[in-house]
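The structure displayed is predicted, hence computed values, not measured ones.
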Amino acid sequence: MIIDTLEQESHRDYLEYQTFDPGESITLQADYYWLLQYGVVKTSTWTDTGTPITLGYWGVNDLLGEPLFLLTPYRVECLTRVGAGRISAEKTDKIINFVQHQVRQSEEILSILHSDTIYQRLRQILYWLSYKFGQETEQGRLIALRLTHQDLAELVGATRVTITKTINQLEQEHFLTRPQRNTIVVLE
């Protein structure tokens, strides 16, 4: 694992660990990156009129940092308890694998969001989220995040009402089930 390599080389030179609570924002600065050790964060920005735009969901071994993002404003919100290591931007040769992983993940999300219909986008993003953050259960893959219909709407570029209708359709098609409120299990 990449983090093991960083820790073996010189733990105190490269990483400073911090923990963050759900709902807390992680501050980004130009001189370091955050390497997520556990937990899930959501990155977002907003338009001039205040409309939120979800940029992504990130978890274990994902890298965040001001040098990676071109958008302002930019917010990193903890959805769960998060542990992260701070890596100096001067050590970029040590983090190239994380940057490559970040680019691949961003490309996956972008390709999903370019699907022709909201139905296709939502279905694909739920499948992606189930493999990125899901837990295997007897029924299928439980998405281990509390996602509201509004969260999903912001992620795929739809209205909350459209997402609700589409989730109901996906449930009728046996693609997913909702055993509890804001809980989704992908069956396929």
ask   = Given the rule in the side-chain hydrogen bond (donor to acceptor under 3.5 Å, both in side chains) test, do Glu171 and Gln169 qualify, once you have shown the distances and angles that lead to the verdict?
value = CA-CA 5 Å; Glu171 192 169 26; Gln169 179 181 354; over 6 Å; no

inquiry  = Quick check: do Tyr57 and Thr43 have side-chain heavy atoms less than 4.5 Å from each other?
reply    = no

task = Using the ring of Tyr131 (Phe, Tyr or Trp, six-membered ring only), decide whether Arg141 places NZ or CZ under 6.0 Å from its centre and within 45 degrees of its axis.
result = yes

inquiry  = Walk me through whether Ile26 and Cys78 qualify under side-chain contact (heavy atoms from CB on, under 4.5 Å).
reply    = CA-CA 7 Å; Ile26 297 177; Cys78 298; 3.8 Å; yes

ask   = Within the distance-only criterion (no hydrogens, no angle test), does the side chain of Asn168 pair as donor or acceptor with the backbone N or O of Thr164 below 3.5 angstrom?
value = yes

key: Minimum heavy-atom distance between Ile163 and Ile118, given as atom pair plus value   = CD1-CG2, 4.2 Å

key: Stepwise side-chain contact (heavy atoms from CB on, under 4.5 Å) test for Val185 and Leu176   = CA-CA 5 Å; Val185 176; Leu176 62 84; over 6 Å; no

task = Flag yes if more than 12 heavy atoms outside Arg146 fall under 6.0 Å of its CZ atom; otherwise flag no.
result = no

Note, Glu77 side chain near Val41 side chain (heavy atom, < 4.5 Å) = no

request  = Identify whether Leu152 and Trp46 are in the same connected component of the hydrophobic contact network (ILVMFWY, side-chain heavy atoms under 4.5 Å).
outcome  = no

ask   = What distance do Ile125 atom CD1 and Ile109 atom CD1 have between them, rounded to the nearest 0.5 Å?
value = 5.5 Å

query = Are Ile53 and Glu154 close enough that some pair of their side-chain heavy atoms sits under 4.5 Å apart?
reply = no

request  = Just do the salt bridge (charged side-chain N to carboxylate O under 4.0 Å, His left out) check on Asp62 and Lys132 with the steps written out, would you?
outcome  = CA-CA 11 Å; Asp62 286 335; Lys132 175 75 176 166; 2.8 Å; yes

task = Kindly compute the distance separating CG (Leu79) from NZ (Lys42), expressed to the nearest 0.5 Å.
result = 6.5 Å

query = Is Tyr33 close to Arg86 at the side-chain level, that is, under 4.5 Å between some pair of heavy atoms?
reply = no

inquiry  = Assigning hydrophobic clusters by single linkage (Ile, Leu, Val, Met, Phe, Trp, Tyr; side-chain heavy-atom cutoff under 4.5 Å), is Leu129 placed with Tyr38?
reply    = no

Polar side-chain atom of Arg121 near backbone of Val156 as donor-acceptor pair, under 3.5 Å = yes

message = Please give me the minimum heavy-atom distance between Gln139 and Pro179, naming the atom from each residue.
response = OE1-CG, 4.4 Å

task = Kindly compute the distance separating CH2 (Trp34) from CZ (Phe20), expressed to the nearest 0.5 Å.
result = 4.0 Å

remark   = Heavy-atom closest pair (Gly85 atom, Gln37 atom, distance to 0.1 Å) is N-CG, 4.1 Å

Nearest heavy atoms of Val76 and Leu28, plus distance in Å = CG2-CD1, 3.8 Å

note = In this structure, CG of Leu170 is separated from OG1 of Thr177 (nearest 0.5 Å) by 12.0 Å

note = Between the CZ atom in Arg123 and the CZ atom in Phe175, the distance rounded to the nearest 0.5 Å is 4.5 Å

query = Which of these passes side chain to side chain donor-acceptor pair (under 3.5 Å) with Tyr119: Lys165, Glu173, Gln124?
reply = Glu173

request  = Determine whether more than 12 heavy atoms belonging to other residues, nucleotides or ligands lie under 6.0 Å from atom CZ of Arg160.
outcome  = no

Nearest-0.5 Å distance that lies between atom OG1 in Thr162 and atom CG in Leu122 = 10.5 Å

ask   = Which pair of heavy atoms, one from Val186 and one from Ser130, lies closest together, and at what distance?
value = CG2-CB, 3.8 Å

ask   = With distance as the sole test, does Thr45 use its side chain to make a donor-acceptor pair with the main-chain N or O of Tyr74 at under 3.5 Å?
value = no

ask   = Would you call Leu36 and Trp58 a side-chain contact if the rule is heavy atoms closer than 4.5 Å?
value = yes

message = Please determine whether side-chain contact (heavy atoms from CB on, under 4.5 Å) holds for the pair Val82 and Val40, giving the CA-CA distance in whole Å, both sets of side-chain angles, and the decisive distance to 0.1 Å.
response = CA-CA 7 Å; Val82 171; Val40 179; 6.0 Å; no

message = Looking at every heavy atom in both Thr54 and Leu155, which two are closest together, and how far apart are they?
response = CG2-CD1, 3.8 Å

task = Verify, without hydrogens or angle tests, whether Arg75 (side chain) and Ser44 (backbone) share a donor-acceptor contact under 3.5 angstrom.
result = no

ask   = Would a 4.5 Å heavy-atom cut-off, applied to side chains only, mark Arg178 and Ile167 as touching?
value = yes

